[in-house]
> 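Dropping a structure here in structure tokens format, bear with me for questions.
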Protein chains: 2
Amino acid sequence: MQSPKHTLAIARFFRQHKRLPSYREMLTLTGFKSTNAVYRLVGRLVELGFLSKDKNSKFAPGPHLLGVSVLGTVEAGWPSPAEEELVDTLTLDDWLIHNREATFMLKVSGDSMIEAGIRPGDMLLVERGRTPRSGDIIVAEVDKHWTLKYYERHGGRVVLMPANKKYKPILPQEELNIAAVVTAVIRKYHS
Amino acid sequence: MQSPKHTLAIARFFRQHKRLPSYREMLTLTGFKSTNAVYRLVGRLVELGFLSKDKNSKFAPGPHLLGVSVLGTVEAGWPSPAEEELVDTLTLDDWLIHNREATFMLKVSGDSMIEAGIRPGDMLLVERGRTPRSGDIIVAEVDKHWTLKYYERHGGRVVLMPANKKYKPILPQEELNIAAVVTAVIRKYHS
DNA sequence: TTTGACAGTGAACATTCGTTCACATATACT
DNA sequence: AGTATATGTGAACGAATGTTCACTGTCAAA
């Protein structure tokens, strides 16, 4: 029997149950009749990077099971199969989220940041409680209205800059309520 | 003892080991001295949605451990604590990736799609093997050069449209090599 | 004070776990 | 042919698993 079919079955189980199957469960997944068969299969998958094992030999998903392969740039084009070995693998969650308890998603409405490449319908990853640095994009409440703006300090003065010529910079007087700092923008196609 | 501290310890273990700790491991994580204490703790966490249990009472991460809370829109502003109950929770990986084996990431270089909100340095999630529909953004090789373009069919004719007035539409003659269809754009701030 | 609910301890249970053994079968190479 | 080498079977091992029980201490309401 070949590995890829079994690998897919295990991956499907992992996606569905959010955990890895035990050897006994892999028996039914793979069609093997002996746990020793899947034991050796797992050994191969560990070497391939699909699975990994802890100290106590409990296993966890490996890089290839969790991550997405990262290629170069668009200009560099599609790598040939030979150099695909060089590609890195990245977990979206670990890459984008640092403080999970303080991270939220919200949808962009309005076009005040369109020149910064943030368009209505985009999804924002924002982090609460972080103190913004000049140049950050923030979600703030100004005059009882919630917007997306660049946060900039000029001297000791805070200026909220839109990225749209239709709107004007805001010099908040007193009631500046910064809710969160934008850490990422995600635009999803194909619904 | 309060739950949140223990919850964080378990969450940290999960982020680090990519799997959930056993009851015995939770003993050292929480400082409890009896597995019964963590057994009842886990019961509470299951009700809260941080953990979940399988049929065989093996447990898996719950929605609150994997996902990110989704709020409304920027205009709607920050929800009051009262209505935070209504928010949904979303897993980035499950949301963005449908066919993991065929999905790759690559970095945008060049400004040919800047008017579509895709800027140099942005990261693309692309899917290989998918047949593009008119209006999709694709990664294609034209004249031995890799670019990002809108894929459009006018009549029976394929046109590759840039989203930048500096560039002209491309009417591929023969050698049109479509590598992948863009399924998402991710821009990360704060490095 | 008495009572009752709650939270933690410590020990025990049957079950399941990962691992390893010896043996059978198949495939490829000389 | 014969002979390695790999692959799957079946049964068994100790160790670790989730769960449960009886008991102790604590804190607040009656």
Side-chain angles (χ1 to χ4, degrees), chain A residues 1-67 85 91 101, chain B residues 1-67 85 91 101:
Chain A
M1 282 281 171
Q2 297 291 9
S3 286
K5 189 172 65 177
H6 300 152
T7 307
L8 284 181
I10 293 174
R12 204 177 313 123
F13 184 100
F14 178 70
R15 303 266 137 67
Q16 205 165 46
H17 294 77
K18 308 291 185 190
R19 66 169 178 90
L20 286 175
S22 70
Y23 284 90
R24 265 71 172 187
E25 288 170 320
M26 289 186 195
L27 273 188
T28 68
L29 284 178
T30 57
F32 285 121
K33 296 185 179 180
S34 169
T35 54
N36 188 12
V38 299
Y39 176 75
R40 295 207 271 252
L41 170 67
V42 165
R44 258 173 278 144
L45 295 184
V46 167
E47 286 186 7
L48 290 176
F50 281 93
L51 303 177
S52 70
K53 285 197 189 182
D54 278 38
K55 272 297 174 196
N56 333 16
S57 80
K58 307 213 58 178
F59 36 57
H64 287 267
L65 192 54
L66 286 170
E85 309 272 343
T91 308
E101 283 71 29
Chain B
M1 284 281 171
Q2 296 292 9
S3 285
K5 187 173 65 177
H6 300 151
T7 308
L8 285 181
I10 294 174
R12 204 176 314 124
F13 185 99
F14 178 69
R15 304 264 137 69
Q16 206 165 46
H17 295 77
K18 309 289 186 190
R19 66 170 177 88
L20 285 175
S22 70
Y23 284 92
R24 265 67 170 189
E25 288 171 320
M26 289 187 196
L27 273 189
T28 69
L29 284 178
T30 57
F32 285 122
K33 296 185 177 178
S34 169
T35 54
N36 188 12
V38 298
Y39 176 74
R40 295 208 271 252
L41 169 67
V42 165
R44 258 173 279 145
L45 295 184
V46 167
E47 287 186 4
L48 289 176
F50 281 93
L51 304 176
S52 70
K53 286 198 188 181
D54 278 37
K55 272 298 178 197
N56 332 16
S57 79
K58 306 212 58 176
F59 36 57
H64 287 268
L65 193 54
L66 286 170
E85 307 275 342
T91 309
E101 282 72 29

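Naming convention: chains lettered A, B, ... in sequence-line order (proteins, then strands); numbering from 1 in each chain. Because the structure is predicted, anything quoted here is derived from the model rather than measured. We use all heavy atoms of the structure for the numbers below, so side chains are in, but hydrogens, waters and symmetry mates are not.
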> Could you run down nucleotides 16-23 of chain C 5' to 3' and tag each one B, S or - for protein heavy-atom contact under 4.0 Å?
-BBBBBB-
> Sequence neighbours excluded, which residues qualify as side chain to side chain donor-acceptor pair (under 3.5 Å) partners of Lys58(A)?
none
> dT19(D) P sits how many Å from Asp54(B) CG, rounded?
11 Å
> Does the Glu25(B) side chain pair with the main chain of Ser22(B), one donor and one acceptor, at a distance under 3.5 Å?
yes
> Distance check needed: dT24(D) P versus Phe32(B) CZ, whole Å only.
21 Å
> What donor-acceptor contacts under 3.5 angstrom involve side-chain atoms of residues 9-17 of chain B, with partners at least two apart or in another chain?
{"residue": "Arg15(B)", "atom": "NH2", "partner": "Leu65(B)", "partner atom": "O", "Å": "2.4"}
{"residue": "His17(B)", "atom": "ND1", "partner": "Phe13(B)", "partner atom": "O", "Å": "3.2"}

> Nearest whole angstrom, please: distance from the P of dA24(C) to the NZ of Lys33(A).
17 Å
> List the residues meeting side chain to side chain donor-acceptor pair (under 3.5 Å) with Asn56(B), not counting sequence neighbours, and say none if there are none.
none
> To the nearest Å, how far apart are Arg19(B) CZ and dA16(D) P?
13 Å
> With Phe50(B), which residues qualify under ring pair (Phe, Tyr, Trp, His ring centres under 6.0 Å), at least two apart?
His64(B)
> Under the rule for ring pair (Phe, Tyr, Trp, His ring centres under 6.0 Å), what residues qualify as partners of Tyr23(A), not counting sequence neighbours?
Tyr39(A), Phe59(A)
> Over how many whole Å does the gap from Met26(B) atom CE to dT19(D) atom P extend?
10 Å
